Amino acid sequence: MDDGGNPKAENWGDPANIGLAAMTLAIVIIFSMLKSQLMRRLAILMAIVLGTIIASLAGFADFSKVANGSMFAFPHIFHFGMPVFEFTAILSMVIVTLVIMTETKADIIAIGEIVVSKVDSKRIGDGLRADMLSSAVAPIFGSFMQTAFAQNVGLVAITGIKRRFVVATAGGILVVLGLLPIVGRLVAAIPMPVLGGAGIVLFGTVAASGIRTLAKVDYNDHKNLIIVATSLAIGMIPIAIHEFYAQFPKWVSTLLHSGISSACITAILLNILFNHLPFAKKSVETTTLPINSGHS
């Protein structure tokens, strides 16, 4: 069944779909209000499970295809063929990689603030190297580039589970589940409104973490104000107008169709312009006036 959040869906804005998402969100809120710490940590999972059960009883979910196919399978090596090296594709991927690294860096910093742990350049470098190493290996098994999902930042904040051992164990479980196609079919059968209702809290938590990080920026320095304001504004363009870059070359529309990509690229370029180019730094320092000169 089409979801109520896709403008291209036939039943976009269907009150039934929106109601199902709202009900899932309500379950998350109810579990988050319980005194039991365990129940609060399971709020997202329980909301998805209960929401899926209710959706199934109401005829919103179809699990008939879950049993079709194998239960266990190994990934196919180079499933989409051997690597092909094209300059335009490589250039696009380099830019996309920079965007992904920027997003991962932000996720690492956000996680550090949530778990109250110092995040220095070494730790960020280690995280980025792990990301890029897994990204280099992933295509061999038919997967995409790897990145630290922002949703996981929200999960850490909501559940309060901060131990690396737990995260590593969860990663091992995911590797095992990746060898079970039946699990993938089961997850794919979960109605999108249910995932959307739970996602509201996750993405909202990520946004809140970002706001908290931006609150630490010194906006008395007009350079920071311009960088943040311009990046946010340009990042909102593809979100507000999905077809804004439709008339541009394909590589441009592919690169900038995401608000995250647009904002990241803008922030990187403006940061280089204001803080790393010698002539720009000198110009800014020359034109900066003291707020209080000490004279009446």
Side-chain angles (χ1 to χ4, degrees), residues 92 94-132 147-154 156-158 201-242 244-245 248 252-295:
S92 298
V94 168
I95 298 175
V96 171
T97 300
L98 291 176
V99 174
I100 290 177
M101 292 174 69
T102 303
E103 181 182 1
T104 299
K105 177 182 177 181
D107 292 337
I108 294 174
I109 294 174
I111 287 289
E113 293 182 350
I114 293 172
V115 303
V116 193
S117 177
K118 181 181 179 181
V119 177
D120 53 16
S121 58
K122 181 180 183 302
R123 177 168 288 188
I124 292 175
D126 291 341
L128 293 178
R129 278 188 287 271
D131 235 11
M132 294 302 102
T147 181
F149 271 25
Q151 297 93 318
N152 293 326
V153 177
V156 173
I158 293 173
V201 179
L202 294 179
F203 287 110
T205 304
V206 174
S209 299
I211 293 172
R212 180 170 57 184
T213 301
L214 289 176
K216 298 179 180 180
V217 176
D218 180 14
Y219 291 104
N220 290 323
D221 186 343
H222 77 284
K223 295 184 298 182
N224 295 335
L225 181 61
I226 293 175
I227 292 173
V228 173
T230 306
S231 301
L232 289 177
I234 293 181
M236 289 297 296
I237 291 177
I239 297 176
I241 308 175
H242 299 287
F244 186 84
Y245 297 106
F248 285 73
V252 176
S253 59
T254 300
L255 186 62
L256 301 180
H257 82 284
S258 167
I260 295 177
S261 300
S262 301
C264 286
I265 293 174
T266 304
I268 291 172
L269 294 178
L270 289 179
N271 183 56
I272 293 174
L273 175 63
F274 281 114
N275 297 314
H276 295 281
L277 295 182
F279 72 88
K281 292 173 64 176
K282 182 178 180 180
S283 175
V284 170
E285 292 172 358
T286 303
T287 57
T288 300
L289 297 177
I291 297 176
N292 183 3
S293 62
H295 298 287

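Please read these numbers as outputs of a predicted model, since none were measured by experiment.
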Can you list the residues that meet the ring pair (Phe, Tyr, Trp, His ring centres under 6.0 Å) rule with F244, with sequence neighbours excluded? none

Nearest non-hydrogen partners of T97 and M132, listed with the distance: CG2-SD, 3.4 Å

Kindly give the heavy-atom pair with the smallest separation between Y219 and L214, and that separation in Å. OH-O, 3.0 Å

Output for pair (L232 CG, I237 CD1), nearest 0.5 Å, gives 11.5 Å

Mind running salt bridge (charged side-chain N to carboxylate O under 4.0 Å, His left out) on D120 and R123 for me, showing each step along the way? CA-CA 5 Å; D120 53 16; R123 177 168 288 188; 5.2 Å; no

Please report the interatomic distance CG(D218) to CG(L225), rounded to the nearest 0.5 Å. 10.5 Å

Got I227 and N275 here, is their nearest side-chain heavy-atom distance under 4.5 Å? yes

Holding to side chain to side chain donor-acceptor pair (under 3.5 Å), I want the full list of residues that pass it with D131, two or more places apart in sequence or in another chain. T104

Please confirm whether the backbone N or O of L256 pairs with a side-chain atom of S262, one donor and one acceptor, at under 3.5 Å? yes

Spacing of NZ belonging to K105 relative to CD1 belonging to I124, to within rounding of 0.5 Å: 5.0 Å

Using 0.5 Å steps for rounding, measure from the CD atom of E113 to the CD1 atom of I108. 12.5 Å

Heavy-atom closest contact (H257 atom, P238 atom, distance): O-CB, 3.2 Å

